[in-house]
Amino acid sequence: NLSDKLQTAFNRLRGKGKVTEQDVTEVLREVRLALLEADVNYKVVKDFVARLKERAIGAEVMENLNPGQQVVKIVFDEMMKLLGETAVPINLEGASPHVVMLVGLQGAGKTTTAGKLALHLKKRGRKPMLVAADVYRPAAVKQLEVLGSQVGVPVFSQGTDISPVQIARNSYMEAVKNRNDVLIIDTAGRLQINEELMNELQAIKASTNPVEILLVLNAMTGQAAVEVAEGFNERLDVTGFILTQLDSDARGGAALSLRAVTDRPIKFAGLGEKMDAFEPFHPDRLAGRILG
Amino acid sequence: LTGRGTIDEETYEELEDMLIQADVGVNTTMKLMTRLRETVSERRLELGEDVSDVLKEIMIEMLSTGDHALRSSPTPPTVVMMVGVNGTGKTTTLGKLAHRYQSEGKRVVVAAGDTFRAAAIEQLEIWAQRTGSHIIKHQAGSDPAAVIYDSLQAAKARGADVLLADTAGRQHTKSNLMDELNKIGRIVERERGRPADEVLLVLDSTTGQNLVQQAKEFSRIIPVTGVVLTKIDSTAKGGAALTLVEELKIPIKLLGTGEKMDQLRPFDALWFVDQLFE
Ligand SMILES: Nc1nc2c(ncn2[C@@H]2O[C@H](COP(=O)(O)OP(=O)(O)OP(=O)(O)O)[C@@H](O)[C@H]2O)c(=O)[nH]1
Ligand SMILES: Nc1nc2c(ncn2[C@@H]2O[C@H](COP(=O)(O)OP(=O)(O)OP(=O)(O)O)[C@@H](O)[C@H]2O)c(=O)[nH]1
Ligand SMILES: [Mg+2]
Ligand SMILES: [Mg+2]
């Protein structure tokens with residue numbers, strides 16, 4: 001894994017006395033290859049390696065008794081900076097009900113995550129309501145209703161003949177009436193390049209004024225993660241991300257790209273199919289996963 | 001990517017960047033670039049656009065392996081099973097296949113083999129209605145192997161031409177779920193004396209290098225006969241499929257190009273490579 005490779009490469013250099021820029025370049029090549037293999041976006045890798053180089057040819061490595069260990073530490077540090085060093089909680093500020101919109105590509109895990117998030121908030125003393133705003137996918141409304149009943153959270157649905165914007169608007173009024181303090185809107189999966197469907201999301205945003213617009217992304221996403229994040233962010237001003245399927249053995253390099261490109265934090269991690277497989281995102285765990 | 005003018009290092013760098021961005025992965029990219037340089041020098045090529053064409057040629061050759069057509073059984077029903085990790089498009093692809101077979105005048109039975117996920121059975125029921133297929137389903141939470149077993153009997157009894165079996169999404173990191181899939185495969189084999197005609201591994205084109213791992217692990221557990229690459233209509237290029245085909249020799253049989261019933265096309269290596277270069 002990357003961390004072992006770095007250790008070995010740099011400890012090999014110790015015996016040479018003075019560490020040269022050439023030596024560092026070779027090690028950085030290893031870092032570049034390992035990050036690309038972990039699905040980190042190639043532009044993010046370029047910038048990342050350039051920053052590492054600056055630090056690695058500085059005194060903190062060259063005059064260190066154990067340059068290998070120091071380099072691993074620098075790589076870890078720089079990764080943490082890219083992920084945002086501390087966990088950032090969900091924002092539920094302002095007037096109730098607080099609206100949270102879940103958006104993303106087809107099959108990313110939005111509906112499942114909606115159920116998980118509802119349970120998570122309910123356990124923390126909130127009174128959430130789920131909104132079935134996907135009128136396109138076969139049985140999507142039913143899927144959310146089943147999850148809602150599993151976690152004991154009410155689901156607002158109006159079938160599939162009413163527009164998602166209308167459903168969202170009506171759900172808000174219902175939440176006010178019912179005194180729910182968080183409204184979690186599950187939306188249909190879509191491509192960021194679909195103009196019409198991106199307009200629909202903007203309309204839902206305009207009519208419900210959400211405090212959180214969370215892009216739900218599969219941890220195994222490849223190089224396209226940057227385009228997807230940029231596309232959703234440009235149209236909606238995303239407030240954060242939820243990374244799903246972290247129980248897979250995907251390295252999750254896409255995560256490094258998200259914050260680099262939007263400067264927004266990953267707020268939650270999906271760790272399985274069950275409703276309790278959900279936790280606040282820990283940047284250090286992901287950095288460790290990518291480093292191997 | 002104009003690729004015009006004389007060939008220099010920049011010509012190769014641009015192509016290398018394109019491959020990486022397309023999820024082709026580091027190792028396969030290096031293999032392709034080595035083969036490319038050798039061929040360019042062998043053929044004494046001089047123009048940048050010739051280099052692009054040679055790369056396309058090499059990639060098309062890499063992707064043309066095995067039989068890309070869907071198999072059919074000499075004695076009906078033909079049995080097709082959909083497998084893969086969560087959310088890749090198994091159920092939707094099954095619906096598209098049901099539509100395709102129906103438009104060929106075939107009698108189709110579909111099996112609701114995902115007994116776990118919320119509303120999975122209801123989702124398949126809607127596809128069955130849309131395509132005039134008969135659905136075999138049990139209660140949610142029941143044994144998927146029992147549903148598959150029942151559907152084999154029903155397909156035979158009804159004289160169906162095709163049986164399309166859906167299974168639940170699962171991560172190959174979960175050994176109990178992979179055991180369940182293995183058991184389903186063995187039940188089909190025991191019941192009809194041979195494995196399913198097609199075990200289609202459904203892969204999401206937006207996935208990075210993990211695509212290869214998915215193919216390796218699933219094909220260890222069940223005899224995967226082909227790959228479906230879905231969501232090729234997204235901005236992702238599905239380049240990790242090259243490594244998969246190169247290393248495992250499993251043919252890509254179908255491409256999912258959207259969410260509608262008719263958005264399924266037979267795999268075409270030239271089409272696939274062209275979209276990767278766009
Ligand atoms: N293993 C695993 N599976 C997950 C996770 N999150 C969601 N899933 C599964 O991924 C599949 C897709 O989840 P959905 O919630 O239907 O995804 P979606 O984004 O709502 O899909 P669309 O509405 O069609 O865009 C389901 O099988 C879920 O059970 C996770 O963290 N781990
Ligand atoms: N854009 C696009 N979306 C697709 C394609 N194929 C499937 N989808 C969408 O992907 C999402 C997931 O599809 P499903 O058929 O539920 O996936 P699945 O593999 O059966 O999911 P699980 O059973 O939960 O593992 C749905 O929103 C589909 O409409 C495709 O080729 N292109
Ligand atoms: Mg959904
Ligand atoms: Mg399914």
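Naming convention: chains lettered A, B, ... in sequence-line order (proteins, then strands); numbering from 1 in each chain. This one's a predicted model, so the numbers in the text were calculated from it and none came from an experiment.
A:Arg251 does not touch chain B: none of its heavy atoms, backbone or side chain, sits under 4.5 Å away. Of the two parts of A:Glu145, neither the backbone nor the side chain holds a non-hydrogen atom closer than 4.5 Å to a non-hydrogen atom of chain B. Residue A:Lys110 does not touch chain B at all, counting heavy-atom pairs closer than 4.5 Å. Proximity to chain B involves both the backbone and the side chain of A:Gln143, based on heavy atoms less than 4.5 angstrom apart. Both the backbone and the side chain of B:Asp233 come within contact range of chain A, with heavy atoms under 4.5 Å apart. Only the side chain of A:Asp39 comes within contact range of chain B, judged by heavy atoms closer than 4.5 Å. Interface residue A:Leu33: backbone and side-chain heavy atoms are both found under 4.5 Å from chain B. Interface residue B:Lys174: only side-chain heavy atoms are found under 4.5 Å from chain A.
A distance of 13.0 Å separates CE in B:Met82 from CG in B:Asp114, rounded to the nearest 0.5 Å. Note that CD of B:Glu9 and CD of B:Glu16 are 9.0 Å apart. Values are rounded to the nearest 0.5 Å. Rounding to the nearest 0.5 Å places CG of A:Leu119 at 10.5 Å from CG of A:Leu130.
The candidate with the highest count of non-hydrogen atom pairs below 4.5 Å against chain B, out of A:Thr221, A:Leu105, A:Thr112, A:Val228, is A:Thr221. In terms of non-hydrogen atom pairs under 4.5 Å with chain A, the most contact-rich of B:Gly239, B:Ala22, B:Gly87, B:Ser205 is B:Gly87. Comparing A:Ala219, A:Ser248, A:Ala38 by how many heavy-atom pairs each has under 4.5 Å with chain B, the most go to A:Ser248. Contact tally against chain B (heavy-atom pairs below 4.5 Å) for A:Leu191, A:Leu36, A:Val226, A:Asp249: the top residue is A:Asp249. If you tally non-hydrogen atom pairs under 4.5 Å between each of A:Ala224, A:Pro138, A:Gly115, A:Gly107 and chain B, the highest count goes to A:Pro138.
Comment: A:Glu200 engages A:Arg190 in a salt bridge, judged by a side-chain N to carboxylate O separation of less than 4.0 angstrom.
Summarising the geometry of A:Leu243 relative to A:Phe281, their closest heavy-atom pair is CD2-CE1, 4.4 Å, with the distance given to 0.1 Å.
Looking at heavy atoms from C-beta onward, A:Arg289 lies in side-chain contact with A:Leu246 at the 4.5 angstrom threshold.
Taking the ring centre of A:Phe241 as origin, the terminal cationic atom of A:Arg264 falls outside the region bounded by 6.0 Å and 45° from the ring axis. The side-chain tip of B:Lys56 points at the ring of B:Phe277 from less than 6.0 angstrom away and within 45° of straight on.
Relative orientation of the B:Phe272 and B:Phe267 rings is tilted, given thresholds of 30° and 60° on the angle between their planes.
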- Output, in order, the C-alpha distance, side-chain angles, deciding distance and verdict of side-chain hydrogen bond (donor to acceptor under 3.5 Å, both in side chains) for A:Gln106 and B:Glu259. CA-CA 9 Å; A:Gln106 291 88 346; B:Glu259 302 191 70; 2.8 Å; yes
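Inspection of non-hydrogen atoms places B:Glu122, B:Gln123, B:Ile126, B:Trp127, B:Arg130 of residues 120-130 of chain B under 4.5 Å from chain A.
Legend: salt bridge (Lys or Arg N to Asp or Glu O under 4.0 Å) pairs involving residues 204-222 of chain B, not counting sequence neighbours, sorted by first then second residue: B:Asp204-B:Lys231, B:Lys216-B:Glu247, B:Glu217-B:Arg220.
For A:Tyr42 and B:Gln21, the side-chain atoms include at least one donor-acceptor pair closer than 3.5 Å.
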